[in-house]
Amino acid sequence: MAKVAVMGCGTVGAGVIRVFDMNSGAIARRVGEKVEVKRALDLREFPGTPIEKILTHDFQDILNDPEISVVVETMGGLKPAFQFTKQLLEAGKCVCTSNKELVAEHGVELLETARAHGVSYLFEASCGGGIPIIRTLNESLTAEEISEVTGILNGTTNYILTTMADEGKDFETALKEAQEMGYAELHPEADVEGWDACRKIAILSSLAYGGHLSYKDVDTEGITKIDAADILYAAALECRIRLLATSRREGNGIWALVAPMMIGHENPLTTVDGVMNAVMVKGNAVGTTMYYGSGAGSLPTASAVCGDVIECVKNNGRPVSSDYSSGPISLLPVDEVERPFFVRYRGTETEAIRKYGEISHITVLKKYPEEFGFLTPVMAEKTFKAIAAEDDKVIKWIRRGKKEEAE
Ligand code: HSE
């Protein structure tokens, strides 16, 4: 029997305990032995629940238990998750985590520690919830030169944008619902300001391009400035607004960006609604591939963690390799990237044409008669920003995805 411990019994940790219980028969059949959660670490008490019987408040009970070979870290945050993880790896235990903050901040060091001690540090659940994207990059796509990773990588913001558009809910109500359903981070600014998606694209890009992309280098904008008018314009232009996280090879470099984008129906990511996430990966041999599933929530995320635990047990402690290394990936400036921009404008069409050139998709909404919306021609971001910064008729602008980006 393989013995496992869970550190952190919140939404995901409790889900891990539940999945191991709920699917114990199938798991035992596939692994060849039973997998038992022997210990659960948390500061809280869990009276009357299955956690109560295995609960400890002392990390040493897990660290010093020779029977426990794999530990799940679902505590979140950096402290004490980093120290605990490091000590566990040094003690020869595999660690499986959903903690994207920790992976993005200290992943390189923890992977090196794992390699040095002949164990694994696995983090499938850190990106895209239940979508098996890390293993896909580490295994199925290892023959590829990857040219792009673009995803909807945050369930909370996708839920907010979808319910604002489809149900006319306001931002605060939609966020509250996402929190109630266990999708949002403890501090939801991490979701709505784009930081969570930023960490995830940094992790996926590090694996895709082989190196270390620091999340601190990724230009990041959240969805807090998106309002009901923007959503109405998007609908009038037969588009959706989605928080996209992208990294793409261009020439000899890579650029990365997290930002709300207006995307049209040519892009399959427009159909990704609610808490669902999707990741599009382009390889030079395979072409465009896409992966879809629940991006947040207890059981989907727990499923990804449990898959990692099972991989560790099946590998009997042998380390699982990945292309995530310490060589830094430096980024090209996003300002060079060319695309159209959607602009809300309170000037005249003539002024807009004079400043931006051949504008198109001119749209007036009954509800907002004092302004109109339009699309600029394709232009470099720095060119657009330079013009818009000098133009006091601009109310707001949003990047518009290019048709060929979706292919
Ligand atoms: N808060 C995150 C999200 C949880 O909404 O996607 C999953 O990482």
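Heavy-atom basis, side chains included; hydrogens, waters and symmetry copies ignored. Indexing begins at 1, ligand by ligand and atom by atom, following the structure's order.
- Remark: D227 engages K396 in a salt bridge, criterion side-chain N to carboxylate O under 4.0 Å.
- Short contacts between ligand 1 and K100, defined as distances under 4.0 Å to a heavy atom of the residue, involve ligand atoms 2 (C), 4 (C), 7 (C), 8 (O).
- Every atom of ligand 1 with a heavy atom of T156 under 4.0 Å away is listed here by number and element: 1 (N), 3 (C), 5 (O).
- Close approach to D191 involves these atoms of ligand 1, each under 4.0 Å from a residue heavy atom: 1 (N), 2 (C), 3 (C), 5 (O).
- Atoms of ligand 1 found under 4.0 Å from any heavy atom of G295 (numbered from 1 in listed order, with element): 6 (O), 7 (C).
- A salt bridge links R344 with E371: at least one charged nitrogen is closer than 4.0 Å to a carboxylate oxygen.
- The pair E266-R400 counts as a salt bridge, with a side-chain nitrogen and a carboxylate oxygen less than 4.0 angstrom apart.
- When atom types are taken as modelled, the side chain of D42 and the backbone of C9 share a donor-acceptor pair closer than 3.5 angstrom.
- Every heavy atom of G129 sits 4.0 Å or more from the atoms of ligand 1.
- When only interatomic distances are considered, the shortest N/O to N/O separation between S126 and ligand 1 does not fall below 3.5 Å.
- Taking the six-membered ring for Trp and thresholds of 30 and 60 degrees, F341 and F384 have nearly parallel ring planes, at less than 30 degrees apart.
- Considering backbone and side-chain atoms alike, G155 places an N or O below 3.5 Å from some N or O of ligand 1.
- At least one N or O atom of E185 sits closer than 3.5 Å to an N or O atom of ligand 1.
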